[in-house]
> 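Just dropping this structure here.
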Amino acid sequence: MDLCDGPPTPEPRSMRVVKPSPTPRNSRILNRTPPYVSTPTHLTWQWAPFLNNTSTTSGSPSVFSQKSSHPPNRDTGPKTFKYGSKIIRCSFQKIKRKKKRNSRITFKNNDTWLSKPKVDLPLNHLDPDNHISLPISSKLVELEENQVEKLQTLVDYPHNIKDPKQKKNLDLEVEVQNKTSEVIFLNPATKQTDGNNDIQFLSDAISQPEPTPLISLLESPCEIKLSENFDFEDPVTWPLINDKFRKFIVEHGPKLETYKNYNFPLDETSRHFHEKWLFRTLPNGEEVRRACISLGFNNWKKLNPKISDHEKSPSHKESVFKWKEFEKRLHGGKTIDCTLQNAIKSEKEKWKAILKILFDVILFCAKNNLALRGTDERIGKPNCGIFLSTLELLSHYNPILAKHIEEVNAKNNVISYFSPQIQNEIISLLGKSTREKLLNRVKESKYYSVMFDCTPDVSHKEQMSQVLRYVYISNGTVSVEETFIDFMESHEKTGEGLSLEIIEKLNKDDLKLSNCRGQSYDNASNMSGKYKGVKTRIMQINNLAVYVPCNAHSLNLVGDDAAKVCVRMITFFDTVQQIFIFFSSSTSRWTTLMKCINISLKCTSATRWSAKQDSVSALKRNLKNVYNVLKEMSENPKLPKEVILGATNLLKHLDFNFFCLLDLWNEILTTINRVNLALQKKSLTIDSATKMVKGLILSVQTMRNEGIEKTIEFSKVIANDLGIKANFSDKRKRKVKKLDFEIIEDNVQVLSQQNEFKKDIFEVYDRILTELSNRFENMSEINENFGFLYGSSLTNHSMDYIQKCAADLSLKYKTDLNSSDFISEIKDFKSQAFSLLPDLRAATPLALLQLITTYSLRAEYPNVEIALRIFLTLPITVATCERSFSKLKLIKNYLRSTMGQDRISDMAILSIEHTVVNTLDINKLIEDFAGKKARKIAI
C-alpha cells in the first residue's frame, strides 16, 4: 500500500480503513471498568468482513484464502478465522442483491451482497454508514475445528443493550500472543446489569499470561500503543493510521534501500518483485528513488502500468505535497498541537531538572555523612534539616526549583517529592545501584576473597561489615580492589552461626562460594579457630578458600604481647597513660601544659597499636617540659592537695629507668608502626607484605644486636638536664630468714640493675621476633607457593625449579589450572617477559599481569594469567572493614541511633564507595525512579 496514500487521499469504499469513532459522553457503560479487568491500551482493529474467496474487480490480491467461492449459508453456523495474530469468530448469511446501502457491506463482486454478520465476538466501531472494510493486503485464514477448541472464547454478544451507539462503541478484543493458543483480553469488557448476559472471559482451560511488552512509540494516556508484532518497515503490520501514527511515519520517513542483487521471494505464480521498480527512470536516463514504494505489494503482474499511472495521478502528487508540507511544519514546530507538545515537553524537563537536584543533594549529604532531616518537614522553616535547607539555598540560583518550592508552599496538595519517604526511596535506589555495579564487577572478575569483621554500634547492635577483594581490569588497566558491600546485623557469636550468616549473605548477593579463593578475619577464636572457627567451616565447603589472618591485627598482637612480657614494661605503659589522664582530666591543668609544649599528649589504646606509638612519641618530644610542669605543680601550695600528690607521685616514676624505656619503646614502636600502616593499603599484595615483615624482623634483630648503650647515653643527657641521678636505682636486698639447721649462707649471684634492665629488654626483643615468625608463618607459606611468579624468581631460578613450582601449584588448584599447559606456558612466558620488560628482576606479580593485559596475551598464556589473578586476590588485612566502622560511627551516631538497617547500609556504601557513585548514570536512575513512582506526572 502506498505510504503517501493515507488519510489525505480517500481510498475506495471497499478498501477504506475506518477511523475509530469517539466514545459517547453519555455512554456510562463504556466509562465503567470492572475492578477485575485490566485496561492496557493495545492496538485495536475495526470490524472486518470475513468472507470466502472474494476478489475485487481491480485485480487486487485475494482478501481471503478460503477456497469456497461463495459465502456460507445461514445454517452453516459460526466459523473461526485467523486474521494476522487475531482470532475472530463470526457467522454470515446470504441475502438478495439490493441497491440499499444502509447496514450493508459492499465488495466488488457482482454475485454477492452481504449484510452485517452476526458476530459472536464483538470487535470495534463502525463508521457512521456502518461500512466495514479491510486493508487491501489483509488475509483471513479459516481454522480447523481442532484448532478452535483451545481458542474458543466464551463471550456472547450483549443483545440486551438497547442503545445502538453503545453497541457500536462496545470495545472488546482478544489477541493471540505469538500465534499460540494463549489468549488474553486487551480492552475492558462491560458487565451487564441484569446478570443474565454477562460478558464472560477466557475458559479455565486457557492460561492467561502477562501481556507482551510494548514499544512505546506514541506515549500518552490516550494514545494507541503498538505491540511487538509491529514492524515499521512492513506496512502490512501497520495499525490504523491516526494522527499520532501519521506523525511517527513522517518523523522517521520511509526506509530507502537499493536492494541491489537481493533475492526477492517468489509467489505462487513464480513471480517476484524486481528492484527496478524502486526507482523511476527519467527521460534523460537518470534514476530517482520512489519514496512511496514499499514491499507490502505482492501482485507483481499488475506493477506495470499501475505504478506509473499512480505516480502521474493528481491524488499521488497532492498526497506527496501534503506529506512534505506536514514534514516541514512538523520539523519547524508549526503544527496545530505544537503548543500542547511544547507544554508537555516543558513539564517533562521541569520534573527532570527537579529530580536531578534532589538526587544531587542526597548524594552530597550521603558522601559527607550528613543527616538529612530536621524537626520540621516544611521547606523554608527553621530546623527543617540539611536536605530541605540545601534545596532552599539552591532555589536562589535555580528559577525552576524556586517556582516549584513556591507552589509547594502555596498549596497543600501539590506533589513536592520532598517527603522523608521519597528521600529514603532515592537513597535506596542509589545504594542498590551502587551495590549492583560493584557486585557485577566481582562477578566479571570471577575470583574474589571475603573479609568480615564485627563491631557494636551506638544502639548496641552487632554490625558485621562485608568487604570483597578482587582483581579489576578496566580499559587495559589492572588494579586490586577492596570494596565495601554491606552492613548486616549479626545475631550470632559462634563460628557455626557466623559462617551460616556469611554463606547466606553471599548467596543473596548471587556470588558463588566455589569462586572464593581467600578469606580473612581477625584472630578471634570463633573466626580463626582450627576446628570450629568460621574459616574452618568455609574451607570444609570450599578448600580453595585459603585463610589469611589479618596481618595488621597480628602485628598489633605481637606488640601487645611484647608489652606484657614483664612487670617493668607493664609499669612503663601505665605511667604513660597516667600522665595523660592527669592533665586531660582538668581543663586548667591541660591549659597550663599546652602553654609549655607544642604537641599535645596522646592517649594509649588497648586495641590500636599505633595509638601507643603516638602516645610514646609525643611524650618523648615534650619530656623536659612535662617534667617541669609536674614539678611546679608539686611545689605550688595554692593548688589542691590531690593535684600536688598526683604530680609528686608521677615525678617519682619519671626516673632514669623510665627515660631508657621511653627511648627504646619509641624506636620499637616507630619501626612496627611503619609496617603496620603499610599493611593496611588496599592494593597491597602478599609478596609485598611478606617483604615488609621480613624487613621488620631484620630491623628488630639489628636493634637487639646493637644493645642498649645508645639508649643509656641518651637517658643520661636527659637526666643531667633535669637534675636526676643518671643511673639505675638499686633495689633493697631482700633478707631471707634462716632456719635453725642452716649453718652456711648460700652465695647467690645477684645481677646488677643495669643487667636486669638488659635482660628485660632482650626478653622484649625475643618475644617480638618469636611472635613475628609464628603469626606470619601462614602468609610466608602462601608466598612460597606463588613465589616463582615474581620477576626476581623468573630471572634467578632455573627453569626446572620454576616448572616444578608450577606443577605443584596446578596440583593444588586443579579446577583452575591445567598442569601440562601451565608448565609449557611458564617456559615461554619467561622468554617473552625478558623481551617486553627491560627490568624484569624488579617486576611484581601485578606488573606481570599488567604486561599480559597490555599486550593482550591472555589467550596465549591463560593459565599464567589465572594464577596471577588468584595470587593477587588473596587478602592481606581486614583494614577496609575497620575503616567502614569509622563511617558507621559518623552515620549512626547518638542523634540517629534508631536508623534502620537498610538505610545504614545504603548511606555507608554511598559514603565509602563515592568514586563508584560518581560513575552512576543519574538520568537512568531518574527514569527508574519515575517508573516506580508514576503518579500524576508524565516524566
Side-chain angles (χ1 to χ4, degrees), residues 362-363 365-373 423-442 448-470 481-493 497-511 516 519-522 524 526-527 534 538 550 553 607 680 682 875 877-917 920:
I362 289 178
L363 281 177
C365 295
K367 291 178 182 178
N368 294 277
N369 311 303
L370 301 176
L372 275 71
R373 298 174 58 188
Q423 299 173 25
N424 292 336
E425 290 174 8
I426 294 177
I427 292 173
S428 177
L429 180 61
L430 290 170
K432 181 180 178 182
S433 301
T434 305
R435 189 174 294 107
E436 288 179 352
K437 189 168 186 176
L438 292 173
L439 290 175
N440 289 334
R441 287 184 177 183
V442 177
Y448 67 93
S449 295
V450 295
M451 292 173 281
F452 287 89
D453 200 2
C454 298
T455 187
D457 60 11
V458 69
S459 59
H460 310 291
K461 294 180 180 179
E462 191 75 5
Q463 297 288 347
M464 180 184 291
S465 175
Q466 177 191 6
V467 176
L468 300 179
R469 180 184 173 98
Y470 57 96
E481 300 291 339
E482 290 183 2
T483 59
F484 170 81
I485 299 298
D486 221 338
F487 275 127
M488 47 187 293
E489 184 179 356
S490 177
H491 304 280
E492 299 290 340
K493 293 293 185 180
L498 290 172
S499 61
L500 291 177
E501 289 183 345
I502 291 173
I503 294 173
E504 182 182 358
K505 184 61 172 63
L506 293 178
N507 293 333
K508 181 180 177 181
D509 294 335
D510 196 22
L511 295 174
C516 180
Q519 48 180 332
S520 181
Y521 320 108
D522 57 19
N526 60 347
M527 304 298 290
V534 173
I538 290 182
C550 176
H553 189 260
T607 56
Q680 298 177 20
K682 289 184 178 182
T877 66
V878 294
T880 306
C881 296
E882 298 287 349
R883 283 188 282 266
S884 68
F885 296 155
S886 301
K887 293 292 185 180
L888 176 64
K889 292 180 180 179
L890 295 175
I891 295 171
K892 190 176 182 179
N893 51 35
Y894 74 98
L895 294 176
R896 295 190 281 175
S897 59
T898 59
M899 185 182 298
Q901 189 65 34
D902 294 337
R903 184 182 174 93
I904 293 174
S905 297
D906 294 333
M907 293 289 288
I909 198 171
L910 293 177
S911 176
I912 298 172
E913 301 296 337
H914 54 86
T915 55
V916 180
V917 175
L920 295 177

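Since the model is a prediction, treat every value here as computed from it, not as a measurement. Only heavy atoms go into these numbers, but all of them, side chains included; no hydrogens, no water, no symmetry mates.
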> Mark yes or no for whether E501, through its side chain, and H491, through its backbone, hold a donor-acceptor pair below 3.5 Å.
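Answer holds: yes.
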> Using only heavy-atom distances, determine whether the side chains of D453 and S465 contain a donor-acceptor pair under 3.5 Å.
no
> Report yes if the side chains of K682 and R883 come closer than 4.5 Å at any heavy-atom pair, otherwise no.
yes
> Please check: side-chain N/O of R435 versus main-chain N/O of I485, any donor-acceptor pairing under 3.5 Å?
yes
> Taking all non-hydrogen atoms of both residues, which atom of V916 and which atom of R441 are closest, and how far apart?
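In this case the closest contact between V916 and R441 is CG2-NH1, 4.0 Å.
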> With a 4.5 Å cut-off on side-chain heavy atoms, are V450 and Y521 touching?
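The answer is yes; the side chains approach within 4.5 Å.
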> Should we count NZ of K505 as having more than 12 external heavy atoms under 6.0 Å?
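More than 12 heavy atoms, drawn from other residues, nucleotides or ligands, come within 6.0 Å of this atom.
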> With L363 as reference, evaluate I426, L920, L910 under the side-chain contact (heavy atoms from CB on, under 4.5 Å) test and give the passing residue.
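So, applying the side-chain contact (heavy atoms from CB on, under 4.5 Å) to L363 and each of I426, L920, L910, only L910 qualifies.
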> On a heavy-atom basis, which atom in V917 and which in I909 lie closest, and how many Å separate them?
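Smallest heavy-atom distance, with atoms named: CG2-O, 4.4 Å.
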> In Å and rounded to the nearest 0.5 Å, what is the NZ to CE distance from K508 to M488?
8.5 Å
> I need the M907 CE to I427 CD1 distance, nearest 0.5 Å.
5.0 Å
> For E462, give me all partners under side chain to side chain contact (heavy atoms under 4.5 Å, CB included), at least two apart in sequence or on another chain.
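By the side chain to side chain contact (heavy atoms under 4.5 Å, CB included) rule, E462 matches C454, P456, S490, K493.
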> Any side-chain to backbone donor/acceptor pair from N368 onto L370? Under 3.5 Å, distance only.
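Checked: no pair found.
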> Show your working on side-chain contact (heavy atoms from CB on, under 4.5 Å) between L430 and D906 and close with a plain yes or no.
CA-CA 8 Å; L430 290 170; D906 294 333; over 6 Å; no
> From D457 CG over to M899 CE, what is the distance, rounded to the nearest 0.5 angstrom?
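Between atom CG of D457 and atom CE of M899 there are 10.5 Å.
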> Would a 4.5 Å heavy-atom cut-off, applied to side chains only, mark N369 and K887 as touching?
yes
> For a quick test of reading the model, state the closest non-hydrogen atom pair linking P875 to S449 and the distance between them.
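Scanning both residues, the minimum pair turns out to be CD-OG, 3.5 Å.
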> State, with a plain yes or no, whether a side-chain heavy atom of L511 is found less than 4.5 Å away from one of L439.
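The answer is yes, as the side chains (C-beta and beyond) meet within the 4.5 Å cut-off.
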> Go through the steps to decide whether K892 and S459 satisfy the test side chain to side chain donor-acceptor pair (under 3.5 Å), and finish with yes or no.
CA-CA 9 Å; K892 190 176 182 179; S459 59; 2.8 Å; yes
> Between V878 and H553, is any pair of side-chain heavy atoms under 4.5 Å apart?
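Counting from C-beta outward, V878 and H553 never come under 4.5 Å.
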> Taking all heavy atoms of S884 and all of F487, pick out the closest pair and write down the distance.
O-CZ, 3.4 Å
> Should F452 and V534 count as side-chain neighbours, where that means a heavy-atom distance under 4.5 Å?
no
> Under 3.5 Å, side chain of S428 to main-chain N/O of N424, donor-acceptor pair present?
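Checking the backbone N and O of N424 against the side chain of S428, no donor-acceptor pair under 3.5 Å is found.
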> Can you tell me how far CD of Q680 sits from CD of E482, rounded to the nearest 0.5 angstrom?
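Between E482 CD and Q680 CD, I get 11.0 Å after rounding to 0.5 Å.
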> Could you tell me whether the side chain of T483 reaches within less than 4.5 Å of the side chain of V467, counting heavy atoms only?
no
> Which heavy-atom pair separates E492 from L498 by the least distance, and what is that distance?
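Closest approach of E492 to L498, heavy atoms only: O-CD2, 3.5 Å.
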> Determine the minimum heavy-atom distance between N893 and V458, stating which atoms define it.
O-CG1, 3.6 Å
> State whether the side chain of E913 and the backbone N or O of F484 hold a donor-acceptor pair below 3.5 Å, judged by distance alone.
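Yes: the side chain of E913 pairs with the backbone of F484.
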> Considering only heavy atoms from C-beta outward, does the side chain of Q466 approach that of D509 to under 4.5 Å?
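Contact flag for Q466/D509 side chains = yes.
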> Just wondering, more than 12 heavy atoms not from Q901 lying within 6.0 Å of its CD?
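Counting neighbours around CD of Q901, more than 12 heavy atoms of other residues, nucleotides or ligands fall under 6.0 Å, so yes.
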> Taking atom NZ of K461 as the centre, report whether more than 12 heavy atoms of other residues, nucleotides or ligands fall under 6.0 Å from it.
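Incorrect, the count does not exceed 12.
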> Give, for atom CG of L438 and atom CD of E481, the distance between the pair rounded to the nearest 0.5 Å.
9.5 Å
> Could you tell me the separation between the OG atom of S905 and the CD atom of Q463, rounded to the nearest 0.5 Å?
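Result: 7.5 Å between the selected atoms.
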